[in-house]
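Everything below concerns the one structure shown next.
Because the structure is predicted, anything quoted here is derived from the model rather than measured. If you read the sequence from its start, that first residue is 1, and numbering goes on from there.
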Amino acid sequence: MSEQVTHQKIALITGANKGIGRAAAEHLAALGMTVLIGARDPRRGEEAAAALRAAGGDAHAVTLDVTDQATARTAAKQVEERFGHLDVLINNAGITGSGQVSPEDAYDQIPSSVDLDMVRAVFETNVFGVIAVTNAMLPLLRRSPAPRIVNVSSHAASLTITSDPDGPFATLLPSAAYTPSKTALNALTVQYANELRKDGILVNAVGPGYVDTESNNHSGHLTPAQGAAVVVRLATLGADGPTAGFFGEDGSVPW
């Protein structure tokens with residue numbers, strides 16, 4: 001049989017044991033993909049994978065701490081040995097830096113008084129971690145006939161939206177860590193897309209919306225499944241799909 005006939009799509013999602021990542025994993029598994037649950041905690045990763053398997057999906061846990069390049073390389077080696085390739089990479093793992101608080105209570109993000117160590121920690125996960133994982137997985141993605149990379153960003157990353165004094169972010173506290181990290185992630189997305197366009201690898205950023213998760217103390221109004229819908233859509237783009245874009249549920253989001 002040819003590779004095209006036997007090709008099973010493999011998707012790796014970082015931070016997939018809960019929230020938007022897990023919802024995306026559930027959706028992709030329902031579409032027939034083999035889903036790799038990236039998680040820092042092996043036990044939590046395996047529990048999530050077991051739940052997906054119990055629901056009829058093909059899911060496997062992969063221990064992956066995006067701030068540790070060694071685990072990214074080890075994960076890539078495991079994926080190569082077991083599956084030989086990767087079709088979808090969803091860089092979902094991220095932190096706010098403020099813990100489980102709603103954005104309006106994140107006083108530690110105020111630029112004039114922010115702790116630089118907190119800013120570094122946020123960038124380590126939200127930006128540098130994406131580079132580490134993406135670069136570790138690129139050789140496997142290049143073996144796919146239709147590779148896709150989706151970076152989970154935020155509408156807060158939009159300079160156009162956040163600079164509007166009458167916009168939806170005007171009443172929130174300024175953010176010197178989380179928001180700039182997501183803006184940097186968007187810029188990184190464009191740079192990867194520009195480099196990989198010639199190879200047919202589509203790379204896009206996604207703003208899932210204000211989703212009910214631990215990171216915002218469950219203050220979001222969307223369910224994880226609703227937030228994951230646009231992530232899944234970008235992860236399953238056809239050959240004529242966009243690259244170097246920033247998208248929300250309603251279409252393009254301004255930079």
Side-chain angles (χ1 to χ4, degrees), residues 9-26 28-29 33-53 57-97 99 117-144 147-153 177-178 181-182 184-185 188-189 191-192 195-196 201 203 205-206 213-215 228 231 235:
K9 285 198 171 182
I10 313 296
L12 171 65
I13 307 171
T14 64
N17 59 287
K18 61 184 178 181
I20 296 169
R22 179 160 177 172
E26 292 170 349
L28 291 176
M33 287 194 193
T34 294
V35 178
L36 309 182
I37 305 293
R40 288 181 300 173
D41 185 324
R43 179 182 60 81
R44 291 180 178 177
E46 182 50 46
E47 287 175 351
L52 263 68
R53 290 195 297 270
D58 183 18
H60 309 271
V62 175
T63 301
L64 179 53
D65 179 350
V66 303
T67 66
D68 183 348
Q69 281 188 282
T71 71
R73 289 191 290 264
T74 298
K77 184 176 180 180
Q78 292 171 343
V79 174
E80 180 177 27
E81 290 175 349
R82 184 162 188 174
F83 304 103
H85 71 280
L86 186 66
D87 299 280
V88 174
L89 171 62
I90 299 176
N91 288 304
N92 166 74
I95 62 172
T96 67
D117 286 339
M118 188 258 273
V119 179
R120 291 188 181 99
V122 172
F123 270 72
E124 192 68 47
T125 294
N126 296 0
V127 182
F128 306 145
V130 170
I131 296 173
V133 174
T134 300
N135 289 355
M137 299 299 164
L138 266 176
L140 299 173
L141 286 162
R142 292 182 189 279
R143 298 177 186 174
S144 168
R148 306 289 180 257
I149 299 174
V150 181
N151 294 330
V152 178
S153 184
Y178 176 75
S181 77
K182 291 301 187 179
L185 176 61
L188 186 64
T189 299
Q191 298 306 313
Y192 269 113
E195 177 188 358
L196 301 174
I201 302 178
V203 189
V206 168
T213 65
E214 287 183 3
S215 65
V231 177

Problem - Flag if over 12 foreign heavy atoms under 6.0 Å of CD, Gln69 - result: no
Practice task
Mind checking the CD1-CG spacing from Ile131 to Asn91? Nearest 0.5 Å is all I need.
Solution key: 10.5 Å
Exercise for the section: Using a strict cut-off of less than 4.0 Å between a Lys/Arg side-chain nitrogen and an Asp/Glu carboxylate oxygen, indicate whether Arg120 and Glu124 qualify as a salt bridge. Expected result: no
Problem - Contact summary for Asp65 and Thr71, nearest pair of heavy atoms - result: O-OG1, 2.9 Å
Exercise for the section: Might you point out which heavy atoms bring Ala93 and Gly15 nearest each other, and give the distance in Å? Expected result: CB-N, 3.8 Å
Problem - Beyond-backbone contact of Ile13 with Val231, side-chain heavy atoms, under 4.5 angstrom - result: no
Exercise for the section: Output the distance between atom CD1 (Ile10) and atom CG (Leu89), rounded to the nearest 0.5 Å. Expected result: 13.5 Å
Handout entry: Backbone of Ile95 reached by a side-chain donor or acceptor of Asn126 within 3.5 Å
Key = yes
Practice task
Enter the distance from Arg142:CZ to Leu196:CG here, rounded to the nearest 0.5 Å.
Solution key: 5.5 Å
Fill in the blank from the handout: Output for pair (Ile90 CD1, Arg148 CZ), nearest 0.5 Å, gives 12.5 Å
Exercise for the section: Might you point out which heavy atoms bring Ile37 and Asn17 nearest each other, and give the distance in Å? Expected result: CG2-N, 4.0 Å
Practice task
Check whether any side-chain heavy atom of Leu188 lies under 4.5 Å from a side-chain heavy atom of Thr134, and answer yes or no.
Solution key: no
Practice task
Heavy atoms only: give me the nearest Val122-Ser181 pair and the separation to one decimal.
Solution key: CG1-OG, 3.6 Å
Practice task
Any chance you could lay out the side-chain contact (heavy atoms from CB on, under 4.5 Å) test for Val66 and Val130, step after step, and finish with the verdict?
Solution key: CA-CA 7 Å; Val66 303; Val130 170; over 6 Å; no
Exercise for the section: Quick one: closest heavy-atom pair of Ala59 and Arg53, and the distance? Expected result: O-NH1, 2.8 Å
Problem - Atom pair CG/CG of Leu12 and Leu141 - distance to nearest 0.5 Å - result: 9.0 Å
Exercise for the section: Grab the two heavy atoms, one from Ala29 and one from Leu52, that are nearest each other, plus how far apart they are. Expected result: CB-CD2, 4.2 Å
Exercise for the section: Kindly compute the distance separating NZ (Lys9) from OG1 (Thr34), expressed to the nearest 0.5 Å. Expected result: 12.0 Å
Handout entry: Backbone N/O of Asp58 and side chain of His60: donor-acceptor pair under 3.5 Å
Key = no
Exercise for the section: Side-chain contact test, heavy atoms from C-beta onward, threshold under 4.5 Å: evaluate it for Gln191 versus Glu195 and give yes or no. Expected result: no
Problem - Donor-acceptor contact present, side-chain Asn92 to main-chain Thr14, <3.5 Å - result: yes
